[in-house]
Amino acid sequence: MTTRRLEPGPIVVASHNPGKVREIEELLAPFGLAPVSAASLGLAEPEETGATFRANAELKARASAEAAGLPALADDSGLAVEALDGAPGIHSARWAGRPHDFAAAMARVERELQRAGATRGDDRRARFVCALAVAWPKGACVTFEGTVEGRILWPPRGDHGFGYDPIFVPDGYDRTFAEMEPAAKQEISHRARAFKALVEACLR
Ligand code: IMP
C-alpha cells in the first residue's frame, strides 16, 4: 500500500448522499481541504459491484479521482446486524429502495429481527462500519476502516443524522445516534474513527 499525503486544496467527496457529504465536510474542514461534491461536478455514480465496504469505497474513489483529475475521498458504509448474519451490510442503501425510504428499511430490520426471535438486549447487537478510500488521479489509493458497536432499538427515536441512525444505540449510551447532537455522534461514529486513521496516515 502506497500511503501518500493529502495537500491543502480541492478534494472531491465522491458521494451523492447528502447526510454523508455533510459529515465528511465537517471532518475535512480543519485540514485546509476544500471539499467539492461529486454531484456538483456532474460525476456519475459508479455501480457498487464490490463484495465489501472496502472494495466499494475504492471503486467510488478511483472513479471520481480519474474523472475529475483531483484527489477523491469516498465512503462506503452501512449497518451490520449480528442476528441477521451482517445484513443489511453493503446493501444498507438498497434496503431503502429508490427513492430512499429509511422508515421502510428500519421497519424491515425490525421485522427480520422479530422473525429471527431477536427480541431482547444482546440478541439485537449491531455495528456501523465505514470504509473511507482516498484515491489520486494517477491510480494510488488507500483505505481506512472504522466501526462502532451497539444495538438495535425499536421504535425509532430522534431527528438528527440520517439513514438508520434512529434505531442505533451505541454501546455506553442510552440514546440513538439520531437523538445525539451531530457533534456527539462525530466523536464516536464509524466514519469519525475511519477518518482518524486517515488523518494519521495522510494529513499529519
Ligand atoms: P452507501 O455506502 O452509499 O452504499 O450507503 C450506505 C448506507 O448505510 C446509507 O445510505 C445509510 O443507509 C447507511 N449508513 C451509513 N452510515 C450511516 C450513519 O452514520 N448513520 C445511519 N446510516 C448510515
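These numbers were taken from a predicted model, which means no experiment stands behind them. Just follow the structure's listing: the first ligand is 1, and inside any ligand the first atom is 1.
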Peer 1: Salt-bridged, Arg127 to Asp171, with N to O below 4.0 Å?
Peer 2: no
Peer 1: Please work out, at 4.0 Å between heavy atoms, whether the side chain, the backbone, both, or neither of Lys60 comes within that distance of ligand 1.
Peer 2: side chain
Peer 1: Which of the atoms in ligand 1, numbered in the order shown and given with their element, are less than 4.0 Å from a heavy-atom of Ser92?
Peer 2: 7 (C), 8 (O)
Peer 1: I'd like to know whether CD of Glu66 has more than 12 heavy-atom contacts from other residues, nucleotides or ligands below 6.0 angstrom.
Peer 2: no
Peer 1: A side-chain contact here means heavy atoms from C-beta on lying under 4.5 Å apart; do Asp123 and Glu82 qualify?
Peer 2: no
Peer 1: Going by distance only, is there an N or O of His100 that falls short of 3.5 Å from an N or O of ligand 1?
Peer 2: no
Peer 1: Hey, which atoms in ligand 1 end up nearer than 4.0 Å to a heavy atom of His190?
Peer 2: 16 (N), 17 (C), 18 (C), 19 (O)
Peer 1: Is it the side chain, the backbone, both or neither of Asn17 that has a heavy atom closer than 4.0 Å to ligand 1?
Peer 2: side chain
Peer 1: Within the structure, is a non-hydrogen atom of Arg94 found at a distance of less than 4.0 Å from ligand 1?
Peer 2: no
Peer 1: Distance to 0.1 Å, residue and atom name: give those for the protein heavy atom nearest to atom 16 (N) of ligand 1.
Peer 2: Arg191 NH2, 2.8 Å
Peer 1: State, with a plain yes or no, whether a side-chain heavy atom of Arg125 is found less than 4.5 Å away from one of Asp122.
Peer 2: yes
Peer 1: Distance to 0.1 Å, residue and atom name: give those for the protein heavy atom nearest to atom 5 (O) of ligand 1.
Peer 2: Ala93 CB, 3.6 Å
Peer 1: Taking non-hydrogen atoms only, is Phe162 closer than 4.0 angstrom to ligand 1 via side chain, backbone, both or neither?
Peer 2: both
Peer 1: Is the number of heavy atoms from other residues, nucleotides or ligands under 6.0 Å of Arg124 CZ greater than 12?
Peer 2: yes
Peer 1: Regarding ligand 1, does Asp165 bring an N or O atom to under 3.5 Å of one of the ligand's N or O atoms?
Peer 2: yes
Peer 1: Numbering the atoms of ligand 1 from 1, which are under 4.0 Å from a heavy atom of Gly78?
Peer 2: 8 (O), 15 (C)
Peer 1: Just heavy atoms, cut-off under 4.0 Å: does Lys185 contact ligand 1 by side chain, backbone, both, or neither?
Peer 2: side chain
Peer 1: Does the pair Glu200/Lys196 count as a salt bridge with the N-to-O cut at 4.0 Å?
Peer 2: no
Peer 1: Ignoring hydrogens and angles, write down the donor-acceptor pairs under 3.5 Å from the side chains of residues 155-165, residues two or more places apart or on other chains.
Peer 2:
unit_1	atom_1	unit_2	atom_2	d
Arg157	NE	Glu179	OE1	3.2
Arg157	NE	Glu179	OE2	3.1
Arg157	NH2	Asp174	O	3.0
Arg157	NH2	Glu179	OE1	3.2
Tyr164	OH	Ser92	O	2.8
Asp165	OD1	Lys185	NZ	3.4
Asp165	OD2	Phe162	N	2.9
Asp165	OD2	Lys185	NZ	2.9

Peer 1: Side-chain polar contacts of residues 29-40 - donor-acceptor pairs under 3.5 angstrom, sequence neighbours left out - could you list them?
Peer 2:
unit_1	atom_1	unit_2	atom_2	d
Ser37	OG	Ser40	N	3.1
Ser37	OG	Ser40	OG	3.4
Ser40	OG	Ser37	O	2.9

Peer 1: side-chain contact (heavy atoms from CB on, under 4.5 Å) for Glu48 and Asp76? Distances and angles first, verdict last.
Peer 2: CA-CA 9 Å; Glu48 296 185 14; Asp76 200 68; 3.1 Å; yes
Peer 1: Specify the protein heavy atom at minimum distance from atom 3 (O) of ligand 1: its residue, its atom name, and the distance to 0.1 Å.
Peer 2: Lys20 NZ, 2.9 Å
Peer 1: Are any non-hydrogen side-chain atoms of Leu6 and Leu73 less than 4.5 angstrom apart?
Peer 2: no
Peer 1: Tell me which protein heavy atom sits closest to atom 23 (C) of ligand 1, plus the residue, atom name and distance to 0.1 Å.
Peer 2: Phe128 CE2, 3.6 Å
Peer 1: Run the numbers for me: atoms of ligand 1, each under 4.0 Å from some heavy atom of Asp76, listed by number.
Peer 2: 1 (P), 2 (O), 4 (O)
Peer 1: When you measure from atom 15 (C) of ligand 1 to every protein heavy atom, which one gives the shortest distance, and what is it?
Peer 2: Ser77 OG, 3.1 Å
Peer 1: So which protein heavy atom does atom 4 (O) of ligand 1 come closest to, and at what separation?
Peer 2: Glu48 OE1, 3.1 Å
Peer 1: Can you tell me how the ring of His190 sits relative to the ring of Phe177, calling it parallel under 30°, perpendicular over 60° and tilted otherwise?
Peer 2: parallel
Peer 1: Just going by heavy-atom distances, which of Phe102, Phe53, Trp95 is nearest to atom 10 (O) of ligand 1?
Peer 2: Phe102
Peer 1: Is there side-chain contact between Phe195 and Glu23, with heavy atoms separated by less than 4.5 Å?
Peer 2: no
Peer 1: Identify, for atom 13 (C) of ligand 1, the protein heavy atom at the shortest distance, and state residue, atom and that distance.
Peer 2: Tyr164 CD1, 3.9 Å
